Asker: 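Before I ask anything, here is the structure I am working with.
Letters A, B, ... mirror the listed sequences (proteins, then strands); counts begin at 1. As the structure is a computational prediction, the values presented were derived from the model and not from experiment.
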Amino acid sequence: MDFELSDDIKEAVVRAKEFANKYFTEEVAEKSDFNEEFPTDIVAISKKEKVLDFSNPWKVLVTIEELVRRDPGLGISVTISAFGAEIFMFFGNDAQKEKYMNPVFAGKRTLGLGVTEAGGGSDVAGIKCEARLDGDSYVLNGGKMFISNGQIADHFLVLARTSPPPSPEKKHKGLSVFVVDSKSPGFAINKLHGKLGVRATNTAELIFDNVRVPKEDMVGEEGKGFYYIMTFFNISRIYVAAQGLGIAHGALDRLIEYSKKYAPVSETGELNENLQLAIAEIATRVEATRNITYKAASYLFKFTPNPIVTSMAKFYAAETAVFATKRAIELMSLHGLTSDLERFFRDAKILDIWEGTTEVEKLIITRMMLKEGGA
Amino acid sequence: MEEEYEILENTVKDFNAKYVENNSIKFENESMGKEFVKLLADQGFFSMMGQSGEEVADVKTLSVVLENLAKSVPAVAVKTLLANSFLSLVKDPEVTEAVANGSKSGTVTFSDLLVGPGQNGSLLLSDGKIKGEKQFVVGSDSDFIVTLLDTGELVLLKSGFTAGKKLKRLGFRSIGFSAVNVNSSDYEVLSKEGRKELEKLYYQLSIPVAAISLGMSKAVSQKGLDYAKVRTAFGHYLKDFQPLAFELTSLIAETEILQRYFEVLISTSPSRKEAMFLKHKALALAKDISKTSLQIHGGYGYLEDFGIEKFYRDSMALSVLFHNEEHEMEVLSTLVFETKAGFV
Ligand SMILES: Cc1cc2nc3c(=O)[nH]c(=O)nc-3n(C[C@H](O)[C@H](O)[C@H](O)COP(=O)(O)OP(=O)(O)OC[C@H]3O[C@@H](n4cnc5c(N)ncnc54)[C@H](O)[C@@H]3O)c2cc1C
């Protein structure tokens, strides 16, 4: 067991740090947040400079962590362009990989993933969006809600029902995944405004009104969409855990900086114990989050994913991010409230919601443990 | 609850329904506008607290009003709290009349009590002029400001100050929040023992601040209850899922217990310790329950349209703008131990 990162991964950390230092200025971060504006320029630079090296998932993981540690909204915006691409990697055919996945990994295209609907996100199998075969194409009708990259993606991977469920217990059957071109006739996008946090990211509602998707743009086999999406979530949740790790670590950085600069000290000249213990607690949780996230990643990157540990990492990282940002603001008082930490606090809460809410993650952990007999 | 308070509660409810609820996003994020402030003043909401000369300020009616205003838009309650705080300290009839009738606005700076010495700027009086900068002023867009000088006097600034660049605003975004640059010969010294005076007011606000927190807790838990009864997932109403039902129920239990305690305190003459107990617990509860309610709403909770996320932000902002955890726990511990405690 080796807890050290290899030199090339450490290099990726340094690169990410340098990139964030250079481009994630407070002015840009604040503007993107205030105006709910996607940082198009920075994302373009990040693609040009190949900040995300998709050839090595460890590098992707530590880059997310480091960028988000500097600013969650910008960090996530820069690292979300390929959201969903692993579905092509594992289930797409060569033509789809060539046409859709490679341009995304090369930074030339942006992808989005449409699973959630207005009627529900946790109950993936309960989606209502329909795809009906008509000649050489499928016709999509319905909508998707809260879709990241909604206004900026060139293509979306969309989960839709292609056949009725064989029984009410088997709702997960009969779902399929399609690639939808954002310029398709009948396809409409409504930007969603007024998010609590991650306001630099772009979120939209998608509407499909008889959108035609050529047959060859179905990914994998018809009816297996639910399985593909769940497989993808077992990958993406590790990256969400890295987001949580970055946010929590960012809060810790700020609390330590505050404690050196402003915090009250006791008569013996030490930091007040209340603050000392809070720093220790946050630091320990950050460390625990890192260990569990890296453990989940380690399973996945060796192609032996462990969904139990993955869900543990996702929920624990989210909880840690929320906890750390909250405690840091409380302790830093007006200094926290008027610094970028307030943005971290708002941003952190999304991690409890997206890609499987905290409750859903916990249910997955227990149900799988009971089924498989342990983590 | 006494009949008098019930009538007051209904008055505020009607006011919310008529003037606040339709504008809640605007009043939270942009500006309340002069007309609306005037309406608030016309209800008599701005002058409900006695002058601070009285040892025990009458914060009871004010607290009932604040609790109910906070249910719709917490920023409206904070605006009202600031006006009352101001009027409890200032005696100049021209100034007090203008603030009480809403044609002018006034605020009090509490930052001296919230951050360490020298961390919130410096204001000095020399040659008949007050000069310098005060950081972290809530209500920095006001016409009048009551603030503390470095030398300890509490002063009323009538003019000669400008609000600086807006600070980041987690909550109460429609209320000015920035540093204030001062170069003023138009002022009045309210007290030579300014810090003591300010501290007295600060502790008198414990119940009103708790009332705002309670109002927020009630509003946001109601939203959680309502949503959990209509939203379904996996073929069940959210209310039927134990994690959500139990957590919300447990927090509502806390809310009701605190509500009872609040009612007891406002119908008696509470001690500082009791008032601080209430504030301490009510602020924590508002944060917890906002988080739970937001979570129940899933993705919708994260968007402003559902009116949940503002409680998540405001509950945290309230607990920082009118509260300093470490400092207050030191004071409270000392009251509980009946000897100096919580200091090394
Ligand atoms: C900013 C943002 C970006 C997003 N990006 C995307 C995206 O790119 N693509 C995409 O497809 N989706 C996206 N989402 C949607 C997100 O994944 C969903 O919001 C999330 O899955 C929850 O679904 P919901 O909002 O419908 O909540 P619901 O499913 O309605 O859940 C509401 C509450 O009920 C709880 N709950 C549900 N079932 C149970 C149960 N059995 N037991 C206990 N509790 C339960 C949930 O935990 C939650 O607290 C995004 C959301 C946001 C806010």
Asker: Quick one: does Gln119(B)'s side chain get under 4.5 Å of Gln135(B)'s, heavy atoms only?
Answerer: no
Asker: Would you mind checking which part of Leu167(B) comes under 4.5 Å of any heavy atom in chain A, side chain (CB onward), backbone (N, CA, C, O), both or neither?
Answerer: side chain
Asker: Please flag which part of Met332(A) lies under 4.5 Å from any non-hydrogen atom of chain B: side chain, backbone, both or neither.
Answerer: neither
Asker: Show the numbers, then the answer: is there a salt bridge (Lys or Arg N to Asp or Glu O under 4.0 Å) between Lys362(A) and Glu359(A)?
Answerer: CA-CA 5 Å; Lys362(A) 289 179 182 172; Glu359(A) 291 74 21; over 6 Å; no
Asker: Is Lys191(A) atom NZ crowded by more than 12 heavy atoms from other residues, nucleotides or ligands, each under 6.0 Å away?
Answerer: yes
Asker: Who wins among Pro243(B), Gly299(B), Gly116(B) for the most heavy-atom pairs under 4.5 Å with chain A?
Answerer: Gly299(B)
Asker: So how far is it from Leu159(A) CG to Ile127(A) CD1, rounded to the nearest 0.5 Å?
Answerer: 3.5 Å
Asker: What part of Phe343(B) gets closer than 4.5 Å to chain A, counting heavy atoms only: side chain, backbone, both or neither?
Answerer: neither
Asker: Give me the atom names and distance for the closest heavy-atom approach of Ser290(B) to Ile308(B).
Answerer: O-CG2, 4.4 Å
Asker: Evaluate the side-chain proximity of Glu309(B) to His297(B): yes if any heavy-atom separation is below 4.5 Å, no if none is.
Answerer: no
Asker: Which atoms of Ser339(A) are under 4.5 Å from chain B, going by heavy atoms: the side chain, the backbone, both sets, or neither?
Answerer: backbone
Asker: Okay, side chain of Asn202(A), backbone of Gln151(A): is any donor-acceptor separation there less than 3.5 Å?
Answerer: yes
Asker: I'd like to know which of Met329(B), Glu325(B), His327(B) tops the heavy-atom pair count under 4.5 Å against chain A.
Answerer: Glu325(B)
Asker: Measure distances from Phe241(B) to the heavy atoms of chain A and classify the residue's part below 4.5 Å as side chain, backbone, both or neither.
Answerer: neither
Asker: Kindly indicate whether the side chain of Leu175(A), heavy atoms from C-beta on, has any atom under 4.5 Å from the side chain of Tyr227(A).
Answerer: no
Asker: Holding to salt bridge (charged side-chain N to carboxylate O under 4.0 Å, His left out), I want the full list of residues that pass it with Glu330(B), two or more places apart in sequence or in another chain.
Answerer: none
Asker: Select one option (side chain, backbone, both, neither) describing which atoms of Val322(A) are under 4.5 Å from chain B's heavy atoms.
Answerer: side chain
Asker: Using a 4.5 angstrom heavy-atom cutoff, name the option from Gly336(A), Ala263(A), Ser333(A) with the most pairs to chain B.
Answerer: Ser333(A)
Asker: Listed by chain and number, what are the salt bridge (charged side-chain N to carboxylate O under 4.0 Å, His left out) partners of Arg231(B), not counting sequence neighbours?
Answerer: none
Asker: Quick one: which of Glu267(A), Lys349(A), Lys195(A) has the most heavy-atom pairs under 4.5 Å with chain B, could you say?
Answerer: Lys349(A)
Asker: Would you say Thr147(B) and Val182(B) make side-chain contact, with heavy atoms under 4.5 Å?
Answerer: no
Asker: Identify which part of Phe146(A) has an atom lying under 4.5 Å from any heavy atom of chain B, answering side chain, backbone, both or neither.
Answerer: side chain
Asker: The test is ring pair (Phe, Tyr, Trp, His ring centres under 6.0 Å); show your working for His335(A) and Phe136(B) and say whether it passes.
Answerer: CA-CA 9 Å; His335(A) 296 292; Phe136(B) 310 124; 5.6 Å; yes
Asker: Side chains of Tyr202(B) and Glu328(B) only: does a donor on one sit below 3.5 Å from an acceptor on the other?
Answerer: yes
Asker: Using heavy atoms and a sub-4.5 Å threshold, report which of residues 27-35 of chain A line up against chain B, by residue number.
Answerer: Glu30(A), Phe34(A)
Asker: Check this for me: Lys134(B), atom NZ, are more than 12 non-hydrogen atoms of other residues, nucleotides or ligands nearer than 6.0 Å?
Answerer: yes
Asker: Which residues from residues 276-287 of chain B are near chain A, with near meaning under 4.5 Å between non-hydrogen atoms?
Answerer: Lys287(B)
Asker: What part of Thr232(B) is in contact with chain A, defined as an atom under 4.5 angstrom from a non-hydrogen atom: side chain, backbone, both or neither?
Answerer: backbone
Asker: Picking from Leu170(B), Leu244(B), Leu294(B), which has the most non-hydrogen pairs under 4.5 angstrom with chain A?
Answerer: Leu170(B)
Asker: For the candidates Ala125(A), Ala118(A), Gly126(A), Pro264(A), which exhibits the highest count of non-hydrogen atom pairs separated by less than 4.5 Å from chain B?
Answerer: Ala118(A)
Asker: Establish, from distance only, whether the side-chain atoms of Asn272(A) and Ser266(A) form a donor-acceptor pair under 3.5 Å.
Answerer: no
Asker: Between Ile329(A), Asn274(A), Ile350(A), which shows the greatest number of heavy-atom pairs under 4.5 Å with chain B?
Answerer: Ile350(A)
Asker: Any chance CZ of Phe306(B) has more than 12 other-residue heavy atoms, nucleotides or ligands included, within less than 6.0 Å?
Answerer: yes
Asker: Please check if the side chain of Lys314(A) supplies one atom and the backbone of Leu351(A) the other of a donor-acceptor pair under 3.5 Å.
Answerer: yes
Asker: Which one of Gly121(A), Gly120(A), Gly197(A) has the most heavy-atom pairs closer than 4.5 Å to chain B?
Answerer: Gly197(A)
Asker: Check whether Leu275(A) gets within reach of chain B through its side chain, its backbone, both or neither, counting any heavy atom under 4.5 Å.
Answerer: both
Asker: Relative to chain A, which of Gly235(B), Gly298(B), Gly118(B), Ala233(B) shows the most heavy atom pairs under 4.5 Å?
Answerer: Gly298(B)
Asker: Within the distance-only criterion (no hydrogens, no angle test), does the side chain of Ser293(B) pair as donor or acceptor with the backbone N or O of Val220(B) below 3.5 angstrom?
Answerer: yes
